[in-house]
Amino acid sequence: MVKKALITGGAGFIGSHLAARLLDEGYEVTVLDNLFTGTKSNIYGMLENPRFTFMLHDVTQPFWGQFDEIYNLACPASPIHYQRNPVETIRTSFMGVMNVLELALKTKARVLHTSTSEIYGDPAVHPQPETYWGNVNTIGIRSCYDEGKRAAETLCADYYREYGVDIRMVRIFNTYGPHMHPQDGRVITNFIMQALGNRDITLYGDGSQTRSFQYVDDLINAIRAYMQLDHEKVSAFFESKGIPVPVLNIGNPGEYTIKQLAEETLRQIPESTSKLVCEPLPKDDPKRRKPDITLATELLGWKPVVPLQEGLKKTIAYFK
Ligand code: NAD
Ligand code: UDP
């Protein structure tokens, strides 16, 4: 029997890679997206596929369908986008997951919810394990996203505990690759677009803050491995670790300062005449971020395999 998957936010960067992967695996795929930050160009190649359906819809409004698996990705992810309409961001995060969970409860679908390393805020523990509760400002400019994602995790946890919905969460650490929107304002797209356009490379602050960058293919591999496991195996694993609900960090532990990332981008675009310039650091910008992926490796037998240099090369080729 052909399996059916729904991907909310499937016209975005990560969602479009996931849709392509599920189609390759023989699934019937429905993408639900309001095209707030996603674009139809990300899914053009799939529109002709008889196993693909596009639904122009806002995830905050209820929807219906019988699916084996639901992947909840709908939510703007780049700080400039999620801060443009913060009330919509927190509504999307909370109401979106609520609608997904209600549908899953009624139809017995398995759910993969995409959470984020942002739930750790400006972390006081380094690297961050799943058991760390985070250090998040509730009223800052990033809070609409961070707290929206934290509340979404709480809903998933309670639907899991109270109603037994088969939920798996991933806390995704900075992920990059083809299909990112060239103007999405995230650091990798900014640096590549600036270097290709011979414009200044904008280091916010002095560029000493760190991030860990994961190439999108590694993330998709982890998500698929996680969704293929039995409910019983997943529950038993997390129970044995003393973690009440299934939640995994998925990221690449290689940690770079933002200045190192800028230098590596310029090394890979040697024709660029761009120079590094410092600009003010945005408020509440986390100073360090690096995933502890021990649990993901143990449960999924997974590790990221694409080094930053190689992933950057593929991403630069896409933007060119
Ligand atoms: P993206 O902005 O490219 O994709 C988000 C998609 O959701 C877009 O297609 C957008 O149009 C859609 N969307 C937004 N609001 C919607 C709404 N109300 N109704 C329907 N669709 C809506 O971002 P992405 O990087 O692909 O992120 C996908 C998911 O992964 C997000 O939930 C994000 O929080 C999470 N995530 C991403 C990263 C990363 O580094 N890329 C890191 C952590 C978490
Ligand atoms: N950043 C930067 N220059 C830019 C864009 C971002 O120095 O042009 C920094 C930003 O301040 C942050 C890091 O790069 O410290 C990652 O930013 P991004 O918006 O990609 O993701 P997030 O802050 O959500 O991890």
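Ligands are counted one by one from 1 in listed order, and the atoms in each one are counted from 1 as well. These figures come from a predicted structure and were not determined experimentally. This chain uses plain numbering: 1 for the first residue, then up along the sequence.
Among M180, R288, R142, Q194, the residue whose heavy atom sits closest to atom 24 (O) of ligand 2 is R142. Closest heavy-atom approach to atom 7 (O) of ligand 1 within the set S115, G15, G9: this belongs to G9. Closest to atom 25 (O) of ligand 1 by heavy atom, among H179, M180, R186, is R186. Counting only non-hydrogen atoms, the option in V216, L32, D184, L73 that gets closest to atom 28 (C) of ligand 1 is L73.
Taking distance alone, with nitrogen or oxygen atoms compared against 3.5 Å, F173 stays at or beyond that limit from ligand 1. Between V59 and ligand 1, at least one pair of N/O atoms sits closer than 3.5 Å. At a 3.5 angstrom cut-off on N or O pairs, D33 counts as close to ligand 1. Between R211 and ligand 2, at least one pair of N/O atoms sits closer than 3.5 Å. The N/O atoms of K149, backbone and side chain alike, include one that comes under 3.5 Å of an N/O atom in ligand 1. Residue T60 has no N or O atom closer than 3.5 Å to an N or O atom of ligand 1. Polar contact with ligand 1: present for G38 (N/O pair, distance under 3.5 Å). Inclusion of N34 in the set of residues having an N or O under 3.5 Å from an N or O of ligand 1 is warranted.
In summary, the atoms of ligand 2 found under 4.0 Å from a heavy atom of E118, numbered by their order in the structure, are 24 (O).
Here N190 has side-chain heavy atoms under 4.0 Å from ligand 2, and that is the only part of it that gets that close. Within the 4.0 Å heavy-atom criterion, the part of Y145 lying near ligand 1 is the side chain and not the backbone. With a heavy-atom cut-off of 4.0 Å, R186 touches ligand 2 through backbone and side chain alike. Contacts between N174 and ligand 2, counted as non-hydrogen atom pairs separated by less than 4.0 Å, involve the side chain only.
Remark: distances from the non-hydrogen atoms of E279 to ligand 2 are all 4.0 Å or more.
Shortest contact from atom 3 (N) of ligand 2 to any protein heavy atom: T202 O, 2.6 Å.
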